[in-house]
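For reference, the structure is listed below as structure tokens.
Treat the numbers as computed from the prediction; the structure is a model and nothing was measured. Just so we're on the same page: letters track the sequence lines, and every chain starts at 1. Keep in mind that the numbers below use all heavy atoms, side chains included, and drop hydrogens, waters and symmetry copies.
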Amino acid sequence: MNSTRFTNFFVPVFAVLLGVIAGSIVMIVSGYNPIAGYSALLYGAFGDSYYIGETIRQTTPYILAGLAVAFAFRTGLFNIGVEGQLIVGWLASVWVGVSFDLPKVIHLPLAVLAAAAAGALWAFIPGFLKARFKVHEVIITIMMNYIALHVTNAIIRSVLSDKGFKSAKIHESASLQSEFLQSITDYSTLHYGIIIALIGAVVMWFLLEKTTKGYELRAVGFNQHASRYAGMNVPRNIILAMVISGAFAGVAGAMEGLGTFGNISVKAGFTGVGFDGIAVALIGSNNAFGIILSALLFGALKVGALEMPSSADVPTELVDIVIALIIFFVASSYLIRLLLSRFKKEGK
Amino acid sequence: MEYVIEMLNIRKVFGNFVANDNITLQVKKGEIHALLGENGAGKSTLMNVLFGLYQPDGGEIRVKGQPVKISNPNVANDLGIGMVHQHFMLVDTFTVTENIILGSEPTKGGKIDIKRAEQEVRELSERYGLAVDPTAKIANISVGMQQRVEILKTLYRGAEILIFDEPTAVLTPQEIQELIQIMRALVREGKSIILITHKLKEIMEVCDRVTVIRRGKGIGTLNVADTNPNELAALMVGREVHFKTDKRPAQPGKEVLEIKDLVVKDARGVTVVDHLNLTVRAGEIVGIAGVDGNGQTELVEAITGLIKAESGSIKLNGQDIFNLPPRKITEAGMGHIPQDRHKHGLVLDFPIGENMVLQTYYKEPYSKKGILNFKAIYEKARQLIAEFDVRTPDEYTQARALSGGNQQKAIIGREVDRNPDLLIAAQPTRGLDVGAIEFIHKRLIEQRDQGKAVLLVSFELDEVMNVSDRIAVIYEGKIVAIVDPKETTEQELGLLMAGSKRKEAGVSS
Ligand SMILES: Nc1ncnc2c1ncn2[C@@H]1O[C@H](COP(=O)(O)OP(=O)(O)OP(=O)(O)O)[C@@H](O)[C@H]1O
Ligand SMILES: [Mg+2]
């Protein structure tokens with residue numbers, strides 16, 4: 001038990017290290033200085049309070065998107081639709097944010113809940129189709145991503161603005177933005193969303209590990225036959241798992257809508273946050289605490305990368321390569337487990 | 001004396017649990033060597049060490065006198081060691097030949113030479129009397145045939161030493177006899193066999209020598225000719241074992257389970273339970289005897305709500321439970337020891353402790369206001385583990401890591417402990433050692449004596465005859481006879497199971 005915890009922690013750490021090393025090789029081969037490159041990356045992520053603020057802000061939606069993917073995964077489902085659920089959540093939060101005038105204690109929670117409900121609804125459809133007709137959720141969720149993208153764009157154009165490309169700003173009473181957080185981070189875009197994301201991680205852990213419903217959801221995820229034998233309602237649990245996963249994704253969208261941007265604009269393509277959530281969950285071993293760490297890693301890589309072209313002349317695309325390499329090494333964790341067990345043997 | 005395999009003082013530790021404690025096993029060329037031990041004694045572990053799936057923490061392995069290090073199954077293959085696992089590892093959608101050559105495909109000009117492979121498989125199959133069709137799809141052949149494909153797989157890779165891990169647990173009596181012939185043919189051709197089985201009869205019938213282990217320790221090796229089942233049982237369990245369970249005559253009470261005119265169709269729409277009638281009363285054990293595939297599985301699944309029946313009626317304590325969801329049926333007072341413990345009985349990835357509350361997790365004291373009470377759950381688990389002698393390092397161990405027999409004991413403990421009015425036991429002792437079988441039979445009879453109804457489904461005639469108060473013979477989805485176990489013989493049962501009509505009256509519900 002302890003030794004599996006140990007490997008669950010060290011495999012991702014090892015994968016990150018290998019990814020960084022492989023990234024250096026790529027930089028050297030393409031004629032860049034890896035030390036300068038990584039220094040710039042590190043500085044760009046944590047170099048001063050502004051960068052730290054930006055990194056945490058970027059980490060926020062990653063945590064929630066990672067939780068969404070992980071929740072589905074732990075209950076035996078593969079939710080590729082986090083991206084679409086995030087977009088509809090974003091839209092719903094902004095919609096509530098601009099259409100009502102309410103005291104903050106009501107307005108803000110309402111906007112966040114609207115995002116959760118929208119994401120949940122978007123995930124309900126594939127959940128229902130899987131439970132009722134055994135249609136594979138991967139196919140439906142991918143299709144739902146495109147539907148989300150184009151439907152939200154249409155709504156932004158026709159309902160939320162006057163043929164414009166973005167909605168109005170949300171009311172102050174629905175906003176997550178914080179002058180206090182901005183002032184202590186040298187006017188970064190840091191907002192209160194990080195608190196919601198951390199609460200989200202606790203909620204996921206508690207729900208899965210401590211509650212009766214979580215026991216059912218995990219059982220159905222591992223073995224549907226035994227769950228049915230045990231008297232659990234398998235279809236209902238599949239739908240519920242998708243709905244909860246979608247709610248996390250929807251709240252991730254609210255982080256953008258109520259925190260970072262304060263509005264929603266017509267999108268030419270996907271935000272990518274939902275897809276990155278798959279990698280975040282994978283590197284975080286589908287564990288709530290691990291996801292916080294891996295989301296931080298992703299946030300730091302994404303924000304720090306912006307500094308690489310200006311101070312080290314390294315193109316940001318290289319960061320994408322490093323991220324891809326890390327994912328590659330996590331995915332080939334079998335190799336790392338093998339290496340780790342060799343090390344342990346020799347250590348004896 | 002030449003040994004083909006020598007495992008000397010093998011030690012294997014999981015965490016701080018010693019699964020193999022300096023065990024020595026020496027196998028001669030051309031012999032069938034039995035490995036005997038209780039559930040959880042460490043037999044599979046020892047064989048996994050020999051096959052390179054586990055690395056030993058101590059001891060030495062020699063093959064034909066040469067010390068070797070078997071770091072993975074490929075090394076074992078190269079050394080001529082093949083293993084037929086208890087759970088088959090076959091690709092359902094592939095043909096027999098494709099499965100056999102998987103991983104060592106013969107090629108011609110870069111393409112797989114399937115014709116040649118088929119020819120080779122056919123030759124091998126004929127040589128050892130396996131009667132396997134090389135072109136059949138795995139999904140379409142019986143469990144017994146699939147096992148032969150596993151045997152062919154090892155032979156195709158040139159195995160000289162074959163390990164069989166509980167091969168007969170999944171076979172029908174007929175198939176067992178055929179497997180015994182196959183094993184004899186194998187040793188005639190100079191192969192050596194290590195056979196794990198809990199059935200002492202089989203050891204006495206085919207094995208030359210037997211090595212007994214108990215709780216991870218080697219007890220010794222005997223010539224089968226110099227021993228007898230009683231001695232073997234006592235050696236492995238460490239006490240006397242009674243093969244025949246004593247019981248008082250049944251005192252049946254009111255009807256607990258009443259099945260009328262039940263019709264069940266399988267997935268393809270074929271009628272597998274055909275207007276079946278059956279009654280089980282309080283305080284009696286009704287055994288269902290029949291050849292595998294005569295509707296037993298579907299009957300049990302329909303009663304327990306796992307599949308939907310077509311028509312008829314099922315009553316439990318007078319309450320209609322026909323086609324109710326499993327939760328409702330469970331709450332109406334039914335317990336079910338399922339035939340397939342890995343599919344239905346356990347969530348293998350859960351700790352064994354959490355598996356102990358699989359049907360009761362939502363009730364007090366295990367759940368309070370929607371929150372699990374792990375203290376109560378694990379307390380119950382510890383109690384059941386102790387009471388039913390489930391051998392496991394602790395209650396937090398994944399169910400997957402338990403030996404097959406101990407998984408079974410855990411399930412039985414859970415079902416009996418819920419104290420249901422009707423207990424359905426489908427193949428409850430499959431894969432259990434003789435000591436555990438005696439224990440389980442006692443518990444079933446105890447349930448009966450407490451006024452519960454028990455429905456036992458088993459392919460083992462011994463078991464049905466031994467434990468039941470009434471035997472219902474099932475044939476082609478119908479109960480064709482009800483017999484009194486004291487007034488029948490295995491021969492008569494065998495004939496009834498094969499569909500011959502009974503002379504006397506007595507075909508009633
Ligand atoms: N991977 C593992 N981790 C922890 N414990 C294990 C593991 N594999 C086996 N064990 C433990 O080692 C003991 C021996 O198991 P093994 O499977 O060898 O028993 P067995 O003799 O084959 O029993 P059976 O007749 O029931 O199949 C068991 O108590 C089991 O719980
Ligand atoms: Mg075993």
Side-chain angles (χ1 to χ4, degrees), chain A residues 1-8 73-76 131 134 202-237 240-241 244 285-287 334-335 337-348, chain B residues 14-16 55 57 71-72 300-301 304-307 324-332 334 336-351 354-355 357-364 366-374 377 393-394 396-401 411 414-415:
Chain A
M1 186 146 172
N2 264 328
S3 85
T4 57
R5 277 230 177 115
F6 175 84
T7 36
N8 277 348
F73 198 79
R74 292 283 299 274
T75 52
K134 301 208 161 30
V202 175
V203 167
M204 151 147 167
W205 167 80
F206 187 80
L207 200 61
L208 273 184
E209 308 293 340
K210 297 289 162 194
T211 69
T212 311
K213 203 67 215 173
Y215 178 93
E216 255 186 41
L217 290 167
R218 282 184 292 132
V220 171
F222 281 131
N223 185 344
Q224 293 193 4
H225 295 289
S227 304
R228 199 172 144 59
Y229 158 87
M232 300 169 190
N233 186 329
V234 172
R236 196 183 296 163
N237 275 294
L240 183 69
I244 295 174
S285 306
N286 293 309
N287 157 297
Y334 171 72
L335 197 82
R337 273 171 218 273
L338 203 76
L339 286 175
L340 271 177
S341 69
R342 280 279 153 78
F343 273 127
K344 265 201 251 170
K345 277 261 161 62
E346 269 155 35
K348 260 188 195 165
Chain B
F14 295 111
N16 41 24
Q55 292 310 304
D57 297 301
S71 47
N72 63 58
V300 168
E301 292 192 343
T304 53
L306 289 174
I307 56 173
L324 285 186
R327 168 76 38 97
K328 288 260 158 57
I329 296 176
T330 308
E331 288 181 342
M334 176 149 1
H336 176 200
I337 299 163
Q339 178 175 332
D340 188 336
R341 56 180 168 243
H342 285 178
K343 186 175 172 192
H344 288 120
L346 295 166
V347 179
L348 289 173
D349 298 285
F350 272 6
E354 288 186 29
N355 270 294
V357 293
L358 206 55
Q359 296 103 326
T360 47
Y361 66 93
Y362 61 94
K363 289 190 183 152
E364 297 246 16
Y366 311 121
S367 164
K368 278 188 187 147
K369 299 198 175 76
I371 310 291
L372 290 177
N373 178 356
F374 283 102
I377 291 173
D394 58 36
Y396 303 101
T397 305
Q398 267 193 3
R400 187 183 295 289
I411 295 172
R414 179 183 73 205
E415 296 307 304

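To the nearest 0.5 Å, atom NZ of residue A:Lys210 and atom CG of residue B:Asn373 are 10.5 Å apart. Atom OG1 of A:Thr212 is separated from atom CG of B:Leu372 by 4.5 Å, given to the nearest 0.5 angstrom.
Summarising the geometry of B:Leu358 relative to A:Ala226, their closest heavy-atom pair is CD2-O, 4.3 Å, with the distance given to 0.1 Å. The two residues A:Gly231 and B:Pro326 come nearest to each other via the heavy atoms CA-CB, 4.1 Å. Heavy atoms only, all atoms of each residue included: B:Pro338 and A:Tyr229 are closest at CD-OH, 3.7 Å. Of all heavy-atom pairs spanning A:Met232 and B:Arg327, the tightest one is N-NH2, 3.9 Å.
Residue A:Gln224: no heavy atom, backbone or side chain, is found under 4.5 Å from chain B. Both the backbone and the side chain of B:His336 come within contact range of chain A, with heavy atoms under 4.5 Å apart. Neither the backbone nor the side chain of B:Leu348 comes within contact range of chain A; no heavy atom of the residue lies under 4.5 Å from a heavy atom of that chain. Looking at B:Tyr366, there are no atoms closer than 4.5 Å to chain A (heavy atoms on both sides), in backbone or side chain. Looking at B:Gln398, neither its backbone nor its side chain comes within 4.5 Å of chain A, counting heavy atoms on both sides. With a threshold of 4.5 angstrom between heavy atoms, B:Arg414 approaches chain A through side-chain atoms but not through N, CA, C or O.
Residue-environment remark: NE2 (B:His342) exceeds the threshold of 12 foreign heavy atoms within 6.0 Å. By the neighbour-count criterion of 12 heavy atoms within 6.0 Å, atom OH of B:Tyr362 is densely surrounded, having more than that number from other residues, nucleotides or ligands.
Looking only at atom types and distance, the side chain of B:Tyr361 has a donor-acceptor partner in the side chain of A:Glu216 under 3.5 Å away.
Across A:Tyr215, A:Phe222, A:Phe206, the residue that shares the most heavy-atom pairs under 4.5 angstrom with chain B is A:Tyr215. Ranked by heavy-atom pairs shorter than 4.5 Å toward chain A, the options B:Lys328, B:Gln359, B:Glu331, B:Lys343 are led by B:Lys343.
No donor-acceptor pair closer than 3.5 Å links the side chain of A:Asn223 to the backbone N or O of B:Asp349. With hydrogens and angles disregarded, no donor-acceptor distance shorter than 3.5 Å links the side chain of A:Arg228 to the backbone of B:His344.
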